[in-house]
There are 4 protein chains.
Amino acid sequence: MPRTKEQFEKIREETKSKILNTSLELFAKKGYSNTSISEIAQSANISKGLAYNYFKSKEMLMEEVVKILFVEIGKMFVEIDVLKSPYDKLHRIIDLTIDWILENADFWRLYASLLMQEDTKVIVEKVAGNFMAELFEDIEKIFRKIKIKNPAAEARIFGSIMDGISFHILFMGDKYPVEKTRRFLKQKYSRENLI
Amino acid sequence: MPRTKEQFEKIREETKSKILNTSLELFAKKGYSNTSISEIAQSANISKGLAYNYFKSKEMLMEEVVKILFVEIGKMFVEIDVLKSPYDKLHRIIDLTIDWILENADFWRLYASLLMQEDTKVIVEKVAGNFMAELFEDIEKIFRKIKIKNPAAEARIFGSIMDGISFHILFMGDKYPVEKTRRFLKQKYSRENLI
Amino acid sequence: MPRTKEQFEKIREETKSKILNTSLELFAKKGYSNTSISEIAQSANISKGLAYNYFKSKEMLMEEVVKILFVEIGKMFVEIDVLKSPYDKLHRIIDLTIDWILENADFWRLYASLLMQEDTKVIVEKVAGNFMAELFEDIEKIFRKIKIKNPAAEARIFGSIMDGISFHILFMGDKYPVEKTRRFLKQKYSRENLI
Amino acid sequence: MPRTKEQFEKIREETKSKILNTSLELFAKKGYSNTSISEIAQSANISKGLAYNYFKSKEMLMEEVVKILFVEIGKMFVEIDVLKSPYDKLHRIIDLTIDWILENADFWRLYASLLMQEDTKVIVEKVAGNFMAELFEDIEKIFRKIKIKNPAAEARIFGSIMDGISFHILFMGDKYPVEKTRRFLKQKYSRENLI
DNA sequence: TATGAATGAGAGTTCATTCAT
DNA sequence: CATGAATGAACTCTCATTCAT
């Protein structure tokens, strides 16, 4: 009995997803250039040829990996919307950023290194689209709600701090005083100190 | 008659410098892995083989490029020492960071991308040594002089902001409101606002 | 439909064997160092890359070639066991050595030249293991059966003669009086002369 | 004051000799292919260019090295002529062969490995000329003096033994019972046993 | 859909040789 | 006589990609 269209579709979806997840993991851990299709295929328990059945080229595969990356990052910010207080929101962003970087150092590393190279940067931008801009606007809104003087600039600095400490945690590893910084930041961005 | 020692030395220095500069440029623009010795040789108008007369391996070449990078970064901070007022010092760091990143985007890009990959990170750390730690201590001293409550944490945040905005300028390019951010930061880190 | 496991295995075996035979031939004729993978690939009518699909490195390829070599040498001595008389055995060894060297000059040449260089010697020893020692013991047993006075030393000299004349045949070629030597040796190692 | 013709000649001779000795040593230790001109020049404390001033190519250098090798081997047999008794002569050859191989394993290794490869074999034969044939004739004469039945064949076997045990000592190293073999051979080739 | 044998371009590297000085 | 910078061909090896099955 031939498989139904739906069954085929399901297999395709699962295989594709398996390849993508494996690629994400390997790209993140070893970098794009240092990860070969052979390696990905082997890790995903498929043949090299099959990978090309799903993705036209290594570059295309990477492009889709980046998409997933952004979906993953995007999820992070969903739960912020439900919070009411802008101070809570800021605290939550601080927590999420720090926790996420601690748990997903490799992903952030991949994301950042892709942005660093001219050729891969294009791909990221193509995928990212307005993602970053929207993120920034969300943060700006929070600061506007607080009625701080220069919400746009304040948001920019806040974003810089988030990325800056991510960067530092990433390459200082265990030596970075994560918790001290977390507390310090929460205090800095508390109702009392922002007026 | 053979050339004198001085003549040979001059030739060596010039060629070596030519290779190093070309490498710095290419590594920065395209990344370490994506830049081949062939490419460097072609850009530097020398033969592939000659590169190996000067550098034992691609890795060694990179190591020396990174050394240059750090000398360059180091130069940046020399003129801060001469300033007396801690506020002036902070303002100067803000200016230097922003100006330097605008002028040397590629260098920063190289530096950051090297740190992102586990294999090249080792090389950078080997060359960098305590450079980053010392830099941080210098900034901490400034904050201590201001008698701010938590100078270490404050220095960490300040450093994060510097790296964060560098990061943002780097990949937003012209869209980033550099001057607005510069003014905002100077105000934030002025005598009035730091008490 | 993908090929069956058996089909793949057959292809692999055939190609591998083709590469091995070509390598044996070329290594023997030109030496290990002077034979390039390119040359082997060209001779075997495959691409350079494919060779690396079958052998992890040139050294590994050589190792497998040496294995074949020993299998070949081993075969030579199988038929000696079936003989009863120790004199017959010695005569058979003389015949086999001379005939084998005449037919497989290249193999012996490879084997000897590999032993000559420190770096390749290690590989041969890894593959050879106790082969040579066992061979010597077999010969010693023969002499012990004859009840000769010093069977170990006698075996050593007998082995030296075999290798020595192999060496001479090898590089004197047609000028070497093979048959005279054969007859002379058989007489020397006959019942009458060994008492 | 310009150097005299004789002085120049002396310098040339010394430099040439220095290069040749260094080459002999390195070729013997590491093999011809694995020894680079750079290495030789460095070891001989001269420049690469100078080596080419004295020897047209690496191959030519090797050719002259082989010549030296033969001179060295030739010296070995000079002192045999002075001995009167043919038995003493045989014993002396046994001693010389074993002692020489123990002291100059590398040289013998070079000599043998050169003979093993078709391309270098030609060079050796060009240089060696009748050397080997003469050596054989000398040995034959000894056996003829003893009035043994088949002096030519006997000489051939004796030579084979010498080369065979050299070969075995070479690649068995310390494990080879050199002294036992020496004694055994001397006894075998003594007046009593040769009648 | 799925396989992995096969290709070929190009990577890093070495080295005999040349040549301006 | 002497130097070593410079070349270019050849080397070992890797890998994205194709394709017959």
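The figures here come from the full heavy-atom set of this structure, side chains too, leaving out hydrogens, waters and symmetry mates. Below, chain A is the first sequence line, B the second, and so on; all start at residue 1.
- Nearest-nucleotide assignment on DNA chain F puts the 5′-proximal partner with C:Leu50, out of A:Lys56 and C:Leu50.
- Residue C:Lys10 contributes atom NZ, which lies 12 Å from atom P of E:dA6 at whole-angstrom precision.
- Contact annotation: side chain of C:Lys48 to base of E:dT7, donor-acceptor pair absent below 3.5 Å.
- A sub-4.0 Å separation between OP1 or OP2 of E:dG12 and a side-chain N or O of B:Lys58 is present.
- A cation-pi arrangement is present between C:Lys58 and C:Tyr32, with the terminal nitrogen or guanidinium carbon under 6.0 Å from the aromatic centre and inside a 45° cone about the axis.
- Taking 4.0 angstrom as the limit, D:Thr15 places none of its side-chain polar atoms (N or O) nearer than this to OP1 or OP2 of F:dC1.
- Between B:Arg12 and F:dA5, a side-chain N or O to OP1/OP2 separation shorter than 4.0 Å is present.
- Phosphate contact (OP1/OP2 of E:dA5, side-chain N/O of C:Tyr54, threshold under 4.0 Å): absent.
- Looking at C:Thr15, its side chain never comes within 3.5 Å of a backbone N or O of C:Arg12 through a donor-acceptor pair.
- Contact annotation: the side chain of A:Trp108 approaches that of B:Met116 to within less than 4.5 Å [non-hydrogen atoms, C-beta and beyond].
- The interatomic distance linking C:Asn53 (CG) with E:dA6 (C1') rounds to 8 Å, in whole Å.
- Checking the phosphate oxygens (OP1, OP2) of E:dA11, a side-chain nitrogen or oxygen of B:Ser36 falls inside 4.0 Å.
- The phosphate of F:dT14 has neither OP1 nor OP2 within less than 4.0 Å of any side-chain N or O from C:Tyr52.
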